[in-house]
Amino acid sequence: DNQKSGKHEGVLISDVGYIKSSIDRIEKTLEKLEEKYDDLHTRMTKVEQKVDDHIKNKTLHKGEKQ
């Protein structure tokens with residue numbers, strides 16, 4: 001009985017370790033994705049601002065017919 005119980009505990013400890021390492025890998029992946037998202041968001045905001053500035057700059061569009 002003790003041998004079966006010990007084996008069962010060993011399996012549970014192993015499974016918990018595997019789950020913990022999997023969660024750690026997922027957290028690292030999420031951190032990388034968050035960094036990429038933040039960078040992309042910052043870049044997109046800059047592009048939007050430049051486009052807005054360009055559209056509002058009437059001196060660039062003097063020669064164009066509207």
Side-chain angles (χ1 to χ4, degrees):
D1 234 11
N2 285 341
Q3 188 178 10
K4 286 183 183 179
S5 177
K7 186 176 180 181
H8 183 67
E9 279 185 46
V11 169
L12 287 176
I13 290 171
S14 175
D15 288 349
V16 168
Y18 175 77
I19 291 167
K20 183 184 178 313
S21 67
S22 295
I23 289 171
D24 290 342
R25 282 193 313 271
I26 291 168
E27 286 175 339
K28 287 178 184 177
T29 302
L30 282 174
E31 287 174 8
K32 289 178 183 178
L33 287 172
E34 286 174 351
E35 289 174 8
K36 288 180 179 181
Y37 173 81
D38 288 343
D39 178 57
L40 183 60
H41 181 260
T42 300
R43 292 171 55 199
M44 182 58 90
T45 302
K46 288 178 183 178
V47 168
E48 288 173 339
Q49 184 61 49
K50 287 183 179 190
V51 168
D52 286 345
D53 292 346
H54 179 79
I55 290 171
K56 290 176 184 175
N57 188 347
K58 302 214 185 271
T59 60
L60 292 175
H61 305 288
K62 279 185 177 179
E64 295 180 12
K65 296 180 182 179
Q66 293 190 13

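Below, each value reflects all heavy atoms present in this structure, side chains not excepted, and no hydrogens, waters or symmetry copies. Quick note: residue numbers are just sequence positions, from 1.
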Rounded to the nearest 0.5 Å, what's the gap from [atom1] on [X] to [atom2] on [Y]? Could you check?
X   : Y   : atom1 : atom2 : result
D39 : K36 : CG    : NZ    : 10.0 Å
E48 : D53 : CD    : CG    : 11.5 Å
Y18 : I23 : OH    : CD1   : 11.0 Å
L33 : L40 : CG    : CG    : 11.5 Å

Item to check | Note: K28-D24 ion pair, threshold 4.0 Å (strictly below) | outcome: no
Checklist entry - Would you say T45's side chain and H41's backbone share a donor-acceptor pair under 3.5 angstrom? => result yes
Checklist outcome for this item: Hits for side-chain hydrogen bond (donor to acceptor under 3.5 Å, both in side chains) against R43, two or more places apart or cross-chain, chain-then-number order -> none
Next on the checklist: Going by the rule side-chain hydrogen bond (donor to acceptor under 3.5 Å, both in side chains), which residues pair with S22 if we only count those two or more places apart in sequence or in a different chain?
Outcome noted: R25
Next on the checklist: Assigning hydrophobic clusters by single linkage (Ile, Leu, Val, Met, Phe, Trp, Tyr; side-chain heavy-atom cutoff under 4.5 Å), is I55 placed with V47?
Outcome noted: yes
